[in-house]
Amino acid sequence: METGSCPIATFDGGVDLAKTLESGQSYLWRREDGQMYMNATGGSPWYYTVLPGTTTETNEPEVIRVRQTDGQLEWASSTPHAYEQLVKLLRLDDDLDSVIESIPNDPLIESAYEAHRGMRLVRDPPFGCLISFICSAQMRVSRIYEMQTALASTYGETVHFDGNDYRAFPTPTQLAAADESALRELSLGYRAPYVERTAKMVATGNADPSEAVGLEYEDARESLTRFVGVGDKVADCVLLFSLGYLEAVPLDTWIRTAIEEHYPDCERGSYADTSKAIRERFGGQYAGYAQTYLFHHLRTGEEGD
DNA sequence: TATCCAAGGTAAGTT
DNA sequence: AACTTACCTTGGATA
């Protein structure tokens, strides 16, 4: 086991671990105290995730636990590369002040940024991110967590670490062994065949979400829609929350409402054109950060007016 | 207690 | 290519 800590001040723009991990970007982290999403906490809860085993010889999934105490980030992990993994997973090398400066003067985005200082985008493993957001269609955030938990406890590998059992998110092969009816029993509803077919596509080597990396943004989005259950919106989520396309602006119900109320000139009828207009309004390069601050701000009801 | 409704949309069928 | 419609399940709102 490797443990460590470092000052929050190490990271430009600060870090708010709870907001980063409980803002509906990632469904692959859990609170160790078992509390559900955004419940009040008496202290500094540990969060954990189980990464697909790709960095060690054994390919055993790797557990990373992390928490934020006064001014410090602390971690404990089964991998010796925990710090590097955390920097990657939590995008700790993004300079948040530069990010907000890149977004053209916008009172709504600025108030969202102020209200959620330290919230960062995440960089989820591609397969788990893909499946999570296929499941997200017409679902509440709390139920998306439940679905991913059910998938992990039914099909994922058990990992022992520091006296506890953890469940990894299933690998493509493990999930491809599931059939539609079994997935429906996990309350996936009409998403069950989407998950089954997409898992089989990845497991057979027919396609892999990370193949989109390197393509120009709009080509990458188009490329991801080959997966069953993935349209433009889910594709944008995978690009933004996993593959590092920070210009992606997923047009979900919250953002569509915000466009209606605050950016009506960006409504252009089609997804592609509206997405492009709002992306440019948010300064292009880091437009996805603006989207995520706005999404979290609106969804948690802190508009302030 | 019963009914209705919307939730971080997508696929398939029509025009 | 643009426009409709069906789709599972559930928690919270409304009657």
Side-chain angles (χ1 to χ4, degrees), chain A residues 19-29 36-39 112 116 119 121-122 124 128-151 154 178-201 207 209 218 221-242 245 248-261 267-276 278-279 282 287-303:
Chain A
K19 287 186 187 295
T20 300
L21 296 181
E22 300 193 38
S23 48
Q25 303 177 52
S26 173
Y27 297 93
L28 304 177
W29 288 83
M36 284 301 288
Y37 171 80
M38 277 300 181
N39 277 354
H116 307 292
M119 186 176 80
L121 286 172
V122 297
D124 273 349
C129 181
L130 178 66
I131 297 299
S132 301
F133 280 93
I134 287 173
C135 291
S136 77
Q138 299 285 108
M139 271 297 140
R140 276 171 239 279
V141 165
S142 59
R143 286 210 57 226
I144 303 169
Y145 277 104
E146 291 173 13
M147 289 181 185
Q148 308 319 304
T149 302
L151 289 176
T154 307
D179 69 350
E180 178 181 334
S181 61
L183 293 172
R184 282 183 185 268
E185 285 176 16
L186 300 182
S187 299
L188 265 64
Y190 63 76
R191 302 154 199 81
Y194 300 167
V195 168
E196 183 202 2
R197 292 173 61 191
T198 289
K200 285 185 163 66
M201 286 172 73
E218 287 179 336
R221 187 177 66 197
E222 173 65 23
S223 159
L224 285 173
T225 60
R226 79 179 73 186
F227 295 103
V228 185
V230 180
D232 288 331
K233 188 271 172 184
V234 169
D236 266 334
C237 289
V238 175
L239 291 176
L240 182 60
F241 303 135
S242 177
Y245 285 76
V249 178
L251 297 185
D252 56 70
T253 53
W254 292 92
I255 301 304
R256 285 181 180 279
T257 301
I259 289 172
E260 214 173 296
E261 294 180 357
E267 177 53 62
R268 305 293 167 85
S270 74
Y271 187 101
D273 293 345
T274 303
S275 168
K276 184 174 185 190
I278 195 71
R279 200 160 67 244
F282 290 158
Y289 255 105
Q291 188 274 1
T292 299
Y293 274 103
L294 189 51
F295 172 82
H296 187 58
H297 197 50
L298 297 176
R299 210 180 65 79
T300 53
E302 297 173 22
E303 302 103 88

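Quick note on labels: first sequence line is chain A, next is B, and so on, each numbered from 1.
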Can you name the atoms? Protein N/O to nucleotides 3-5 of chain C N/O, anything below 3.5 Å, with the distance.
none

E196(A) has an atom CD; how far is it from atom P of dC8(C), in whole Å? 14 Å
When the C1' atoms of dC5(B) and dC8(C) are considered, how many whole Å apart are they? 15 Å
Could you tell me the separation between the CD atom of Q291(A) and the CG atom of D252(A), rounded to the nearest 0.5 Å? 5.5 Å
Is there a side-chain contact between Y190(A) and Q138(A) in this structure, where contact means two heavy atoms from C-beta onward sitting under 4.5 Å apart? yes
Any side-chain heavy atom of Y271(A) within less than 4.5 Å of one from R256(A)? yes
Partner of R191(A) under side chain to side chain contact (heavy atoms under 4.5 Å, CB included), chosen from R184(A), E196(A), M139(A): M139(A)
In the structure I gave you, are the side-chain heavy atoms of V230(A) and I134(A) within less than 4.5 Å of one another anywhere? yes
Ring centroids only, cut at 6.0 angstrom: are F133(A) and Y27(A) within range, meaning strictly under it? yes
Between dG8(B) and dA13(C), how many Å separate the two P atoms, rounded to a whole number? 14 Å
Atom-to-atom span, CG of L183(A) to P of dC8(C) - whole angstrom: 13 Å
May I ask you to verify whether the side chain of R191(A) and the base of dC8(C) hold a donor-acceptor pair under 3.5 Å? yes
Flag side-chain contact, heavy atom, 4.5 Å: L251(A) against I259(A): yes
Contact between S23(A) and M119(A) at the side-chain level, heavy atoms closer than 4.5 Å - yes or no? yes
Considering only nitrogen or oxygen atoms on both sides, find all protein atoms under 3.5 Å from nucleotides 8-14 of chain B and state each distance.
from    : atom 1 : to      : atom 2 : distance (Å)
dG8(B)  : OP1    : M139(A) : O      : 2.9
dG8(B)  : OP1    : V141(A) : N      : 2.6
dG8(B)  : O5'    : M139(A) : O      : 3.4
dG8(B)  : N7     : G24(A)  : O      : 3.1
dG8(B)  : N7     : Y27(A)  : OH     : 3.2
dG8(B)  : O6     : G24(A)  : O      : 2.3
dG8(B)  : N2     : D252(A) : OD2    : 2.4
dG8(B)  : N2     : Q291(A) : NE2    : 2.2
dG8(B)  : N3     : D252(A) : OD2    : 2.8
dG9(B)  : OP2    : Q138(A) : N      : 3.1
dG9(B)  : O5'    : Q138(A) : N      : 3.4
dG9(B)  : N7     : Q138(A) : OE1    : 3.2
dG9(B)  : N2     : Y190(A) : OH     : 3.1
dT10(B) : OP1    : G231(A) : N      : 2.8
dT10(B) : OP1    : G231(A) : O      : 3.4
dT10(B) : OP1    : V234(A) : N      : 2.9
dA11(B) : OP1    : G229(A) : N      : 2.9
dA11(B) : OP1    : V230(A) : N      : 3.4

Dump the intermediate steps for side chain to side chain contact (heavy atoms under 4.5 Å, CB included) on L121(A) and Q25(A), then the final yes or no. CA-CA 7 Å; L121(A) 286 172; Q25(A) 303 177 52; 3.5 Å; yes
Please state whether the phosphate of dT10(C), meaning OP1 or OP2, lies under 4.0 angstrom from any side-chain nitrogen or oxygen of S187(A). yes
Under a 3.5 Å cut-off for both distances, is dG8(B) Watson-Crick or wobble paired, and to whom? none
Categorize R184(A) for me: base, sugar-phosphate, or nothing, with a 4.0 angstrom heavy-atom threshold over every strand shown. sugar-phosphate
